[in-house]
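Naming convention: chains lettered A, B, ... in sequence-line order (proteins, then strands); numbering from 1 in each chain. Only a predicted model underlies this, so the values are computations on that prediction, with no experimental measurement involved.
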There are 2 protein chains.
Amino acid sequence: MAVSPPKPKDMPLNALRALEAAARLGGFAAAADELGVTPAAVTAHVKGLEAELGAPLFARGAKGVELTALGKRTAPAFAQAFDALSQAVRDLREEALPQVVHVAALPAIAQLWLSPRLPALRAEAPDIAVSITAMEAPPNLKRSPYDLCLFYGDGAVGRITDDALFPVCAPSFLPRLQGVEDLAAVPCLSDATWCDDWANWLAVAVPDGRVVPRGPVFSLYALAVEEAVNGAGVLMGRRALIAAHVARGALVQPFGPQVPIAEGLHLWAARPLRRSHPIWRVARLLGQG
Amino acid sequence: MAVSPPKPKDMPLNALRALEAAARLGGFAAAADELGVTPAAVTAHVKGLEAELGAPLFARGAKGVELTALGKRTAPAFAQAFDALSQAVRDLREEALPQVVHVAALPAIAQLWLSPRLPALRAEAPDIAVSITAMEAPPNLKRSPYDLCLFYGDGAVGRITDDALFPVCAPSFLPRLQGVEDLAAVPCLSDATWCDDWANWLAVAVPDGRVVPRGPVFSLYALAVEEAVNGAGVLMGRRALIAAHVARGALVQPFGPQVPIAEGLHLWAARPLRRSHPIWRVARLLGQG
DNA sequence: TATTAGGCTTAGAAAATCTGAGGCATAGAT
DNA sequence: ATCTATGCCTCAGATTTTCTAAGCCTAATA
């Protein structure tokens, strides 16, 4: 029976967060990814909790981990608590700096769609600073410090614009593209993550389907666009992203139809907002632009 | 505009906890005490948050700190979130080890009142393990991993027993105590935290009040009791705590009245419990004993 | 005027946390 | 049946966070 200060240490908060993420995402690797650490760290955290608890929270299998009954019963409470905490942090940030709006967007969208609209945004709302972070996938808004997300998606809510595919090239490149069949003879630029765009367009434009496009692949769509502008080849363009270049004549459509795609640009916020709120104002200005 | 992994680090959880505690308790020193760290650590945490936030959360004054308007607005959300988190941890612990009940008690109560009752408790509920932690002040049940608290208090809810003061000594010491006035001539044992007990009893027993007790002071009441049993002097006893010694004849009351005191033994739980719950069973068994 | 209480600062120490490399086991593919 | 990919584990060492200790400062109190 100890007397004075036998500090009954609580469980470490970071370990609890790891547990929560692993439980919610169904795996240590996914949790590690969300938390921005290695899976080994998550392993260690969960193991520490289980050791202090004296009972396993996950059943380990070769195909991954699964929550034990104990974990299943207790995990939701942690999710809620951390949600509340994240929300509190977001509110705190916002109260402290109400004039900064953090936008998360796909790199291509950030550079090709959002960037050209920023001057107008600044003009309309000079009091608001817009900070943009590019990332491959939409963040978990409940856990990340972003106010708005701008990505491709396929619902109706939050849709800003639909999109369509069509080939484009520099005006100087036009002579080399008399018809669709010329595609087999010129470099066909494409993006690594949208590698299906060519096939999807060809399926409509050349249903007989004997044209197989070849050409360099870029990991950044904006790079491919730049190359197309420089006359490096023909690009399968996404209307929403190359509209500015087309409008200014830097890119032209040599032939063929515009093929609508299921996904369009979507903009959404972390939560409902008052109409007077800076985040809401930015969303409205972007949605109209 | 960074591209891939510009990890937008969240605020550190431990710093947020320090902020919450400081806001709730109204000072860094108090927060440090609750968290079991030095005030310097709390200072650093809060300063870190303020730096990242770009706005002060506390107004520093020489007499302590006070929340700024920003802090006042945002602190409650953190308190709620951490409450939820603590509750989740408590539930987790309980689900994992439903048969262990953690009791927090005043050292004197733990040793002199609770300890003698443990054998009966074990007999009645052999499936439950009772773990006891002694501490000077009741813990914040919302933030500490204790299931039951056993301390002196003065309400009606949760009261187990009232208490009263009267002098006691070893039977071998009786000859030296013919009357109240002899108190001035013998060692009067007392406890450091209950230093008023002698005065309170004398105020009733000897209203004229010319007796001034002198004698060793102990930081642990149980030590004073032990010394009294060993014939070292006369102790101002608290009935609830020395009942066992009196019953077995190790201590006797030489003279004078029993003076009721306002505070009695109180037992309370962190939250409402089902009657079948181990914690509830322990509480009931203690409340009846 | 001394004392006390509460907070700040700094440098250094301690502890938590993370990484990186190597392993193991299973599932599905060749 | 063997190969490959996935997902997790372990361990040692590195890094970062967090903490302490000691001294200073200010305002209120005695």
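C/dC18 atom C1' lies 16 Å from atom CZ of A/Phe28, rounded to whole Å. Separating the CG atom of B/Leu35 from the C1' atom of C/dA15 is a distance of 17 Å, rounded to the nearest angstrom. Distance CG (B/Leu25) to C1' (C/dA5): 17 Å, rounded to an integer number of Å. For B/Leu57 and C/dG7, the CG to C1' distance is 16 Å, given to the nearest whole Å. Nucleotide C/dA16 holds its C1' atom 13 Å from the CZ atom of A/Arg17, rounded to whole Å. Rounded to an integer number of Å, the gap from CG of B/Asp33 to C1' of C/dG7 is 15 Å. Atom pair A/Leu49:CG and C/dA16:C1' shows a separation of 13 Å (rounding to whole Å applied). A straight line from CD of B/Glu66 to C1' of D/dA27 spans 15 Å, rounded to a whole angstrom.
Comparing C/dC18, C/dT10, D/dT10 against the side chain of A/Ala40 picks out D/dT10 as the nearest. Side-chain proximity of B/Arg60 to the nucleotides D/dC9, C/dC8, D/dT20 is greatest for C/dC8. Of the candidate nucleotides D/dC9, C/dT17, D/dT18, C/dT17 has the atom nearest to the side chain of A/Pro12. With D/dT10, C/dG7, D/dT20 as the choices, the nucleotide that has an atom nearest any side-chain atom of B/Val37 turns out to be D/dT20. Here the nucleotide nearest the side chain of A/Ala41, chosen from D/dT10, D/dT18, C/dT19, is C/dT19.
Note on ring orientation: taking the six-membered ring where Trp is involved, the planes of A/Phe151 and A/Trp268 are tilted (angle from 30° to 60°).
Shown here is B/Arg271, whose CZ atom has more than 12 heavy atoms of other residues, nucleotides or ligands within 6.0 Å.
Applying the 4.0 Å criterion to OP1 and OP2 of C/dG7, one finds that B/Lys47 has every side-chain N and O outside that range. Between A/Thr43 and D/dC9 there is a side-chain N or O to OP1 or OP2 distance below 4.0 Å.
Within 4.0 Å (heavy atoms only), B/Gly27 reaches sugar-phosphate atoms of the nucleic acid but no base atom. Residue contacts for B/Val42: at a heavy-atom cut-off of 4.0 Å it reaches no nucleic acid atom on any strand shown.
Remark: side-chain polar atoms of B/Tyr221 are paired, donor with acceptor, to backbone N or O of B/Arg238 under 3.5 angstrom.
Donor-acceptor pairing under 3.5 Å is recorded for the side chains of A/Gln87 and A/Asp91.
Between A/Glu94 and A/Arg90, none of the side-chain N atoms (NZ, or NE/NH1/NH2) sits under 4.0 Å from a carboxylate O, so this pair counts as no salt bridge.
Comparing A/His45 and B/Gly26 by the nucleotide of DNA chain C whose heavy atom lies nearest to each, the residue mapping closer to the 5' end is B/Gly26. Between A/Pro39 and A/Asn14, the residue anchored nearer the 5' end of DNA chain D, judged by the nucleotide with its closest heavy atom, is A/Pro39.
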